[in-house]
2 protein chains.
Amino acid sequence: MSSEQTIAALCRKLGLRITGPRRVIMRVISESSDHPDVVELHRRVVAIEPTIALATVYRTVSLLREKGILERHTFGDRRARYETVPREHHDHLINIETGDVVEFQSAEIERLQEEIARQHGFTIISHRLEIYVKPIQKTRRSRQSGE
Amino acid sequence: MSSEQTIAALCRKLGLRITGPRRVIMRVISESSDHPDVVELHRRVVAIEPTIALATVYRTVSLLREKGILERHTFGDRRARYETVPREHHDHLINIETGDVVEFQSAEIERLQEEIARQHGFTIISHRLEIYVKPIQKTRRSRQSGE
DNA sequence: AAAGATATCGAGATCCGATCGCAAGAAACG
DNA sequence: CGTTTCTTGCGATCGGATCTCGATATCTTT
């Protein structure tokens, strides 16, 4: 999702009407590189156009999610956070000591997931893999290469 | 978590009072091999002792979670589901159409995770892998419009 | 065993994120 | 322009989870 004309084009492609609120909401989303929740999105939206209702933001994000434009995450808390769908799927290594997040991809793991799902008679809709880690300690012995 | 005496012992060990409601709730949990949410737990609990309140079940499960006895999952929906901390780690296939959860293990995936973590200079503390799936459809052929 | 201290309970109120219903307003299309 | 259908704003409502509080039960102390 990107600039002004493409938002209109996107709406048209999705069969959605091009409305003022949607223009603003989509623009805010496209300019957000973090993972805002709906209230936060609404905050940013009303900073531009104060009349836009919270419910409209809710409706728009779920619409965009249905259409595959947005991804919904639910981290620790119970509020949903949104992110534009990355063009390449990735999973996360979370450093529990620092909170840092490292993205990674593994075609091999993806393949194994497909295999497991198929063995159970399912097809994968989506998945979530989070690996909680800490830095390797160097004890008396081995050091690690790389990194 | 297991039979009657061990529940008392467990409570004592955790510094909790051994009460009627707790006995029942813990028994229900120990006898559940699925991933019930709190309302479902309460259903099973009141089948044994109808006077036990939903709030008590909420309080008990969060207590047991704090103490490391239970694991809390939040799959697709917004409700928390609980399971006793397994002695062998497993991951979950979640059928998004029915909400059913299938447990699985994959030594291969675990191995790859270890490898990825190591390549980034980390050791794994824990991880979470959830695969959201739906049953394999038969022929998906010409469909009319929309959606 | 009785009593005091306090953790726990049940029931309903409350919180908070998310959704709904409806009348008014706006887009699309001719 | 006028009609049709979609969208919006607003308040009501939903649903899961938590909290309040008086009553009760458990543990501890004697």
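Both R81(B) and L16(A) lie near DNA chain D, and the one whose nearest nucleotide falls closer to the 5' end is L16(A). Between Y82(A) and T60(B), the residue anchored nearer the 5' end of DNA chain C, judged by the nucleotide with its closest heavy atom, is T60(B). For the pair A80(B) and G20(B), both in contact range of DNA chain D, the more 5′-proximal nearest nucleotide belongs to A80(B).
In this structure, H120(B) and I116(B) have side chains that are in contact, with non-hydrogen atoms separated by less than 4.5 Å. E40(A) places none of its side-chain heavy atoms less than 4.5 Å from the side chain of S32(A).
Aromatic ring orientation, H92(B) versus F75(B): tilted (interplanar angle from 30° to 60°).
Side-chain polar atoms of S106(A) and E108(A) form no donor-acceptor pair below 3.5 angstrom.
The interatomic distance linking D37(A) (CG) with dT19(C) (C1') rounds to 16 Å, in whole Å. One can place CZ of R12(A) at 16 Å from C1' of dC6(D), the figure rounded to the nearest angstrom. In this structure, CZ of R23(A) is placed 12 Å from C1' of dA26(C), rounded to the nearest angstrom. Between the CD1 atom of I7(B) and the P atom of dT26(D) there is a distance of 15 Å, given to the nearest Å. Distance CG (L14(A)) to C1' (dA27(C)): 16 Å, rounded to an integer number of Å. In this structure, CD1 of I52(B) is placed 14 Å from C1' of dA25(D), rounded to the nearest angstrom.
Residue R17(B) places a side-chain atom within donor-acceptor reach of the base of dT6(C), judged by atom type and a 3.5 Å distance cut-off alone.
Closest approach to the A53(B) side chain among dT8(C), dG10(C), dC10(D) is made by dG10(C) (side chain taken as heavy atoms from C-beta onward). Minimum atom distance to the side chain of Y58(B) is reached by dA17(D), of the listed dG9(D), dT6(C), dA17(D). For A55(B), the listed nucleotide lying nearest its side chain is dA11(C); candidates were dA11(C), dT7(D), dA25(D). Here the nucleotide nearest the side chain of R59(A), chosen from dC9(C), dA17(D), dT8(D), is dT8(D).
Backbone-only contact: I18(B) has heavy atoms under 4.0 Å from sugar-phosphate atoms and none from a base. Using a 4.0 Å heavy-atom criterion, one finds that R79(B) contacts the sugar-phosphate atoms exclusively. Residue contacts shown for T51(A) are limited to sugar-phosphate atoms, with no base heavy atom under 4.0 Å away.
The phosphate of dC16(C) (OP1 or OP2) has no side-chain N or O of R78(A) nearer than 4.0 angstrom. Checking the phosphate oxygens (OP1, OP2) of dG10(C), a side-chain nitrogen or oxygen of T56(B) falls inside 4.0 Å.
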Evaluate side chain to side chain contact (heavy atoms under 4.5 Å, CB included) for I7(B) paired with R22(B), printing each intermediate quantity in order. CA-CA 9 Å; I7(B) 287 177; R22(B) 273 187 198 153; over 6 Å; no
